[in-house]
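So the structure is just underneath, and the comments pick up after that.
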Amino acid sequence: MPELPEVETTVRGIEPWLKGSRVTRVVVREPRLRWPVPATVQAATGQTVKRVRRRAKYILVDFENGSLLIHLGMSGSLRVLTEQANLRKHDHFDIEMEQCMIRYNDPRRFGTLLWLEPPAEAHPLLSALGPEPLSNDFHGEYLYASSRSRKVAVKNFIMDGKVVVGVGNIYVSEALFMAGIHPARAAGRVSRARYRGLAEAIRDVLGRAIREGGTTLRDFSGSGGEPGYFAQNLLVYGRAGQPCFQCSNPVRQKVIGQRSSFYCITCQH
DNA sequence: AAATTCTCCTGAAGGC
DNA sequence: TGCCTTCAGGAGAATT
């Protein structure tokens with residue numbers, strides 16, 4: 001499940017192949033994704049890529065008069081192909097360039113391909129998003145201020161894209177453990193000092209994952225291309241029943257906000 | 001407004 | 001071994 005670090009790694013991987021190059025063709029062979037891929041994506045044909053960037057977990061391919069928006073959903077991935085390659089099951093679309101092609105594969109079809117008229121930031125999917133977790137706008141004070149009177153579990157609060165973007169189920173579990181905060185605690189009942197620690201933990205865990213993804217990222221072309229986001233050793237996520245690295249008590253697993261949460265009842269309060 | 005539930009889909013894992 | 005069931009999960013939409 002691609003989280004922010006993998007999306008970032010993907011962006012860095014494909015940008016050198018796309019930037020300054022022209023789209024020669026967009027082939028949509030299986031339009032059934034999160035939303036049906038609209039015919040308007042053909043607007044990219046013939047245009048030159050100005051840049052490739054990430055906002056939350058969205059990939060934006062910017063052109064002079066619009067942007068392609070790509071989301072990897074749960075199971076999406078992009079590959080750069082420089083020569084003919086057989087189609088695989090769940091290959092949804094290709095963006096053909098002068099020197100290569102970007103091929104999107106997504107078994108579970110939770111991903112997205114849309115065409116956005118400028119300014120892209122005004123699009124409903126992007127306009128209400130919170131700050132980037134690695135930006136200067138994101139810090140403990142911000143979390144503290146925006147969580148007052150909020151009763152939702154702090155875990156759900158952090159996963160809310162209007163609060164901060166791109167912190168998914170895996171990394172929120174990791175960051176809460178690092179900060180010693182119980183995931184089910186009401187967001188409004190977390191102290192300023194602990195929010196400082198949490199913001200720091202989020203920044204740390206995402207930053208590390210991106211750096212590790214960057215090291216496993218080589219040329220991003222060919223068959224492999226899978227960003228190595230799981231290279232990171234996880235402290236609690238997926239470790240139910242195994243000893244906590246800090247106190248050796250078994251890690252608990254419980255569903256909070258419809259999603260599995262992993263935490264240590266001794267170390268997190 | 002805020003919180004909760006529903007929804008999309010398929011591969012993997014578990015049960016017998 | 002193999003078939004059937006269950007479940008996970010990003011995030012917008014719908015509902016309470």
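Throughout, a chain's letter reflects where its sequence line sits, starting with A, and its residues are numbered from 1.
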Check DNA chain B against [range] and give the residues with a non-hydrogen atom under 4.0 Å, in numerical order.
| range | value |
| --- | --- |
| residues 138-151 of chain A | A/Arg150, A/Lys151 |
| residues 184-191 of chain A | none |
| residues 103-113 of chain A | A/Pro107, A/Arg108, A/Arg109, A/Phe110 |

Give the table of side-chain donor-acceptor pairs shorter than 3.5 Å for residues 256-269 of chain A, with sequence neighbours excluded, one pair per line with atom names and distance.
residue  : atom : partner  : partner atom : Å
A/Ser260 : OG   : A/Gln253 : NE2          : 2.9
A/Ser261 : OG   : A/Lys155 : NZ           : 2.7
A/Thr266 : OG1  : A/Asn249 : ND2          : 2.8
A/Gln268 : OE1  : A/Cys264 : N            : 2.8
A/Gln268 : NE2  : A/Leu176 : O            : 3.4
A/Gln268 : NE2  : A/Ile181 : O            : 2.8
A/His269 : NE2  : A/Thr266 : O            : 3.0

- ring-ring contact (aromatic ring centres under 6.0 Å, His included) contacts in which one or both residues fall within residues 24-58 of chain A, not counting sequence neighbours: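 Listed once each, the pairs are A/Tyr58-A/His71.
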- Message: Taking ring-ring contact (aromatic ring centres under 6.0 Å, His included) as the cut-off, I'd like each qualifying pair that reaches into residues 105-134 of chain A, sequence neighbours left out, listed once.
- Response: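 Qualifying pairs: A/Phe63-A/Trp115.
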- Query: Per the end-axis method with five pairs at each terminus, what is the bend angle of the helix from B/dA2-C/dT16 to B/dC16-C/dG2, to 10°?
  - Reply: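 Comparing the axis at each end, I get an angle of 50°.
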Apply salt bridge (Lys or Arg N to Asp or Glu O under 4.0 Å) to [X] and list each qualifying residue two or more places apart in sequence or on a separate chain.
| X | answer |
| --- | --- |
| A/Glu117 | none |
| A/Lys89 | none |
| A/Glu141 | A/Arg192, A/Arg196 |

- Could you identify which residues of residues 252-264 of chain A place a heavy atom less than 4.0 Å from some atom of DNA chain C, listed by residue number, or say none?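 Those residues are A/Arg259, A/Ser260.
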Pull out every protein N or O sitting under 3.5 Å from an N or O of nucleotides 12-16 of chain C, one pair per line with the distance.
residue : atom : partner : partner atom : Å
C/dG12  : OP1  : A/Tyr58 : OH           : 2.7
C/dG12  : O4'  : A/Arg34 : NH2          : 2.6

- Query: Do the charged groups of A/Arg103 and A/Asp94 touch, with an N to O distance under 4.0 Å?
  - Reply: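 Salt bridge: yes.
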